[in-house]
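Each chain gets a letter, A, B and so on, in the order the sequences are listed, and its residues count up from 1.
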Amino acid sequence: MRAALATVAVAAIGAAALSWGTDQGAALTSEAARRLDIAATPRFLPDVTLHDQTGGAVALSAYRGAPLVLEFVYATCPDICLALRTAFERLDATMPAGARLLSVSFDPRDDTERLGWFADRHGAGAPRWRVAGVADALSRNALLERAGVVVIPDGMGGYVHNAGLYLVDAEGRLTAVFDPEDTEGLRAC
Amino acid sequence: MRADPVIVAGLALAALAALPPVGPLLEARLPSHILGQYPLIVAGGALIGARLARDRVAAWSAAPALLAAALALSFWLLPCWIDASLADPAVRAARVASLSLLTGLPLGWGWTQAGPLLRGFFVVKATAMLAVMGWLLLAVPARLCNAHLLSDQRLLGIGMVGLAMAVIGLALLRACVGAFRATGIAGGTRHAPTSGSPSQAPMPDFR
């Protein structure tokens, strides 16, 4: 009897802990938890200075007034950024004229020349689709952290990162993150 | 009063696996993180739990203790909490404390208190979960942990399935050897294991 009661009590506590730890089963991965969190509480991104593929500088806050879709990439990315590229090309063709696209590189090695390669390869033209880096490491890290982007070296000179399409509304708040394949969902917002 | 050497050894083992220089090395890759660091921390706690249970009999506590160990471990196998523990030192500390005191300690305690039936049930369940988790890791095409590589996730899957296979293989081997011995003693002559009486084999029909 004592054993059964204790077992039931342990099971109840364990189930409660697992439920709490997964947002009631909605988020098993930190990626899912991050997206839920952003959708529930939109946040402002730090106003970093961006250096784009033409060598020009622009503040992230200058994008306010129209919706913006962000992606985080690095210029020499061979795989996941191709999925993002397809998504951005599709968005470029279908989004309203006022909306903007911004590819932000998290790779400190990406200078104007390398950003230019990336832009040429993907058919990106400023100001509609800007490819930019953040020169200042502190600002770059602050932006990545605020957006919840985790970048780890892949051991072959490249990076692995959680890829997504980041929707920033006209007020400059990050309101949602979508899978690279989910351009439909993004346009519906 | 002198500190019990077994308890000191348990604490030292958990600390060794969790703290630099060994801790960060094990945490760097997913397979060594889950199949290296976790078992070492749990083993440290289990040493303490088994030592505490040595002179105390409380058979009723075996099942709840083993269940608590399994549930606490499964919490720290959630991908979001693996990520969180690598990103946040406070979560990391909570994980080490939890794996040693909420998984290892009740495991050592519960295993010592448990009878053969409960032990067998626990091993079978744990092995099955290990195999299923490994298979899931191999089947999932996306990364589950933002802090770890996809190739490491595959490697962990292979490791888990391999470990489950090893446990099953070992159990089968023991059953065969047991059956062989049982028939050898009972009949006085050497028989093939399949000709032995099933009632004399320690494991039920394994053919």
Side-chain angles (χ1 to χ4, degrees), chain A residues 1-37 72 78-80 83 106 141 144-164 177 179-182, chain B residues 27-30 58-88 91 94-95 98 102-103 106-107 109-110 113-115 117-118 121-122 133 136-137 140-153 155:
Chain A
M1 187 61 198
R2 199 158 40 150
L5 279 178
T7 306
V8 169
V10 166
I13 294 169
L18 287 172
S19 170
W20 172 81
T22 58
D23 273 328
Q24 283 75 48
L28 289 175
T29 63
S30 49
E31 188 61 14
R34 171 178 81 117
R35 293 183 185 190
L36 282 177
D37 188 38
F72 292 90
D79 44 48
I80 189 78
F106 49 73
N141 291 339
L144 294 176
E145 188 174 342
R146 195 88 178 110
V149 180
V150 179
V151 181
I152 53 175
D154 69 358
M156 291 173 285
Y159 300 95
V160 172
H161 56 111
N162 45 350
V177 181
D179 280 331
E181 298 79 24
D182 193 14
Chain B
E27 285 170 5
R29 302 279 303 268
L30 187 59
W60 67 272
S61 65
L66 291 177
L67 181 64
L71 288 172
L73 176 62
S74 61
F75 183 91
W76 293 106
L77 287 173
L78 290 170
C80 49
W81 287 102
I82 294 177
D83 270 342
S85 71
L86 291 176
D88 187 341
V91 179
R95 184 194 60 186
S98 166
L102 295 180
T103 298
L107 179 68
W109 174 278
Q113 303 288 359
L117 189 68
L118 186 58
F121 176 77
F122 187 77
M133 268 192 298
L136 273 177
L137 286 176
V140 169
R143 278 193 314 146
L144 295 174
C145 288
N146 281 342
H148 287 298
L149 298 173
L150 184 61
S151 55
D152 277 3
Q153 186 172 308
L155 215 56

Check your understanding: Is chain A contacted by the side chain of B:Ala84, its backbone, both, or neither, given a heavy-atom distance below 4.5 Å?
Key -> neither
**Study point:** Distance-minimising heavy-atom pair for B:Pro79 and A:Leu28
**Key:** CD-O, 3.3 Å
Review point. Which residue out of A:Leu18, A:Val8, A:Asp154 racks up the most heavy-atom pairs below 4.5 Å with chain B?
Key: A:Leu18
Study note, to complete from the structure: Between the CD1 atom in A:Ile152 and the CG atom in B:Asn146, the distance rounded to the nearest 0.5 Å is 8.0 Å
Review point. When heavy-atom pairs shorter than 4.5 Å are enumerated against chain A, which of B:Leu78, B:Ile82, B:Leu66 gives the highest number?
Key: B:Leu78
Exercise for review: Check each atom of B:Ser151 against the heavy atoms of chain A and say whether the ones under 4.5 Å are side chain, backbone, both or neither.
Suggested key: neither
Review point. Is chain A contacted by the side chain of B:Ala147, its backbone, both, or neither, given a heavy-atom distance below 4.5 Å?
Key: backbone
Practice item. Go through A:Pro153, A:Ala15, A:Ser30, A:Ala3 and name the one with the most non-hydrogen pairs under 4.5 angstrom from chain B. Key: A:Ser30
Check your understanding: Looking at B:Arg143 and A:Asn162, what are the two nearest heavy atoms and their distance?
Key -> NH2-N, 3.4 Å
Point to revise | Flag side-chain contact, heavy atom, 4.5 Å: A:Val160 against B:Leu150 | key: no
Review point. Which atom names give the shortest non-hydrogen contact between B:Pro64 and A:Thr7, and what distance separates them?
Key: CD-OG1, 3.4 Å
Exercise for review: Go through the atoms of A:Ala11 and report whether side chain, backbone, both or neither lie under 4.5 Å from a heavy atom of chain B.
Suggested key: both
Check your understanding: Can you check whether B:Asp83 reaches A:Arg34 side chain to side chain, under 4.5 Å on heavy atoms?
Key -> no
